[in-house]
Peer 1: 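Questions regarding the structure given below will be posed in turn.
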Amino acid sequence: MKAACLKRGLKYPCGSDRPPHMHPGLLPFLASCMAYFILWLPEPSIGGTILKCLPTLCLKLFVATNSYSAGAWTPYTRRIFQGLLLSAVGDACLVWPNTFLAGLAAFAGCHACYILAFGLRPLRPLTLLAVGGAVAAAYTFLLLPCLKGLYVWAAAAYTGLLGVMAWRALARRARWPAAAAGSLFFVASDLFVGLDKFCSNVAHARALIMSTYYTAQLLITFSAASQRTSRKES
C-alpha cells in the first residue's frame with residue numbers, strides 16, 4: 001500500500017497522520033474559535049449556543065470537503081464525520097441546564113462513532129489497564145462523591161464509554177497519533193465538565209473546558225484529514 005501511495009505522489013504512507021501543518025480549510029474553524037473566546041457571549045443564550053457549535057461544525061465540514069477532494073471518504077472519515085455531527089448536537093444541549101442529559105447522550109454517540117472508527121484491533125491490554133484504571137479512579141474519587149440519583153449511573157456509563165474511546169485511540173497511536181493525543185484532551189475536557197457541574201465551581205472552568213475540547217476535536221480531525229486511501233480501496 002505504501003508503494004501505491006508513492007505512485008499517487010503522496011509523501012506519507014496511506015492511513016498515517018501527516019504533520020499537522022496549517023490547512024486553508026481549517027481557517028473557518030480557527031476564526032470561529034477566536035470569535036468564541038473573544039466575544040465570550042453569555043450562556044445559556046441563543047447567540048452563545050450558535051457560537052459554541054460553530055467550530056465543531058466547521059471541523060465537520062472540513063472533514064467532508066477534504067476527504068472528498070482527496071478521494072479519501074473512507075469508513076474512518078465517515079465515523080469521524082458522524083462523531084463531529086453528534087458533538088455539535090451535544091455542544092448545543094450542554095449550554096442549557098435542562099438538556100444536559102440529552103447532551104450527554106449525544107456525546108456518548110460521538111464516542112461510539114470514534115470507537116468504531118479506531119476499531120478493536122490491536123487490543124493493547126496494558127493500555128486498557130492504564131486507561132481503565134485512570135478513568136475509574138477519576139470517577140470513583142473525584143466525581144462519584146458529588147453525584148446523586150440518575151446521574152450516578154448516567155455518569156458511570158458515559159465515563160466508561162469515554163474510557164473505551166481513549167483506550168482505542170491510544171491503542172492505534174502508531175497509525176493515528178493525533179487522534180491518540182486528542183482523546184486525552186477529550187478526557188481532560190470532560191473531567192472539567194463533571195467537576196464544575198457536580199462538585200464545585202472550577203476556576204475558569206468554561207475556558208478550560210472549551211480550550212481542551214476544541215483541541216481534542218481538532219486533533220481527531222487531523223487524523224481523518226490524513227486519510228489518503230482512495231474510494232475504491234475503502
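This chain uses plain numbering: 1 for the first residue, then up along the sequence.
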Peer 1: Does anything in residues 56-74 form a salt bridge (charged side-chain N to carboxylate O under 4.0 Å, His left out)? List the pairs, not counting sequence neighbours.
Peer 2: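 Sorted result for residues 56-74: empty, none.
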
Peer 1: R79 side chain to C113 main-chain N or O, any donor-acceptor pair under 3.5 Å?
Peer 2: no

Peer 1: If you group Ile, Leu, Val, Met, Phe, Trp and Tyr by side-chain heavy-atom gaps below 4.5 Å, do L123 and L128 land in one group?
Peer 2: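 Looking at the clustering, L128 is in the same group as L123.
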
Peer 1: Could you list the residues that satisfy side chain to side chain donor-acceptor pair (under 3.5 Å) with T99, not counting sequence neighbours?
Peer 2: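 T99 satisfies side chain to side chain donor-acceptor pair (under 3.5 Å) with no residue once adjacent residues are dropped.
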
Peer 1: Checking side-chain contact (heavy atoms from CB on, under 4.5 Å) against L59, which of I220, L54, T221 comes through?
Peer 2: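 In the set I220, L54, T221, the residue that makes a side-chain contact (heavy atoms from CB on, under 4.5 Å) with L59 is T221.
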
Peer 1: Going by the salt bridge (charged side-chain N to carboxylate O under 4.0 Å, His left out) test, which pairs reach into residues 141-165, not counting sequence neighbours?
Peer 2: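 Qualifying pairs: none.
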
Peer 1: Hey, could you give me each pair passing side chain to side chain donor-acceptor pair (under 3.5 Å) that has a residue in residues 121-136? Not counting sequence neighbours.
Peer 2: none

Peer 1: Apart from L61 itself, which Ile, Leu, Val, Met, Phe, Trp or Tyr residues share its cluster (side-chain heavy atoms under 4.5 Å, direct or through members)?
Peer 2: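 Besides L61, the cluster holds no residue at all.
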
Peer 1: Show every disulfide bond (SG atoms under 2.5 Å apart) that has at least one partner inside residues 161-223, sequence neighbours left out.
Peer 2: C146-C199

Peer 1: My understanding is that only residues two or more places apart in sequence, or in another chain, count here; which of them pass ring pair (Phe, Tyr, Trp, His ring centres under 6.0 Å) with F107?
Peer 2: Y213

Peer 1: So, taking the atom named CG in L218 and the one named CG in L26, what distance separates them when rounded to the nearest 0.5 Å?
Peer 2: 6.0 Å

Peer 1: List for me each residue that meets side chain to side chain donor-acceptor pair (under 3.5 Å) alongside W40, sequence neighbours excluded, and say none if there are none.
Peer 2: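 Partners of W40 under the side chain to side chain donor-acceptor pair (under 3.5 Å) test: none.
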
Peer 1: Under 3.5 Å, which donor-acceptor pairs link side chains of residues 180-196 to any protein atom two or more places apart or in another chain?
Peer 2:
unit_1, atom_1, unit_2, atom_2, d
S183, OG, A180, O, 2.6
S189, OG, I209, O, 3.0
D190, OD2, Y158, OH, 2.5
D196, OD1, V202, N, 3.0

Peer 1: Would F198 and Y151 count as a close aromatic pair, with their ring centres under 6.0 Å?
Peer 2: yes

Peer 1: Using distance only, find each side-chain donor-acceptor pair of residues 136-145 under 3.5 Å and give its atom names and separation, not counting sequence neighbours.
Peer 2:
unit_1, atom_1, unit_2, atom_2, d
Y139, OH, V152, O, 2.7
T140, OG1, A136, O, 2.8

Peer 1: Identify the two heavy atoms, one from I80 and one from A117, that lie closest to each other, and give their separation to 0.1 Å.
Peer 2: CD1-CB, 3.9 Å

Peer 1: Which heavy atom of F118 sits nearest to which heavy atom of R172, and what is that distance?
Peer 2: O-NH1, 2.5 Å

Peer 1: Please enumerate all residues that pass salt bridge (Lys or Arg N to Asp or Glu O under 4.0 Å) together with R206, with sequence neighbours excluded.
Peer 2: E43

Peer 1: Can you list the residues that meet the side chain to side chain contact (heavy atoms under 4.5 Å, CB included) rule with A88, with sequence neighbours excluded?
Peer 2: T56, L57

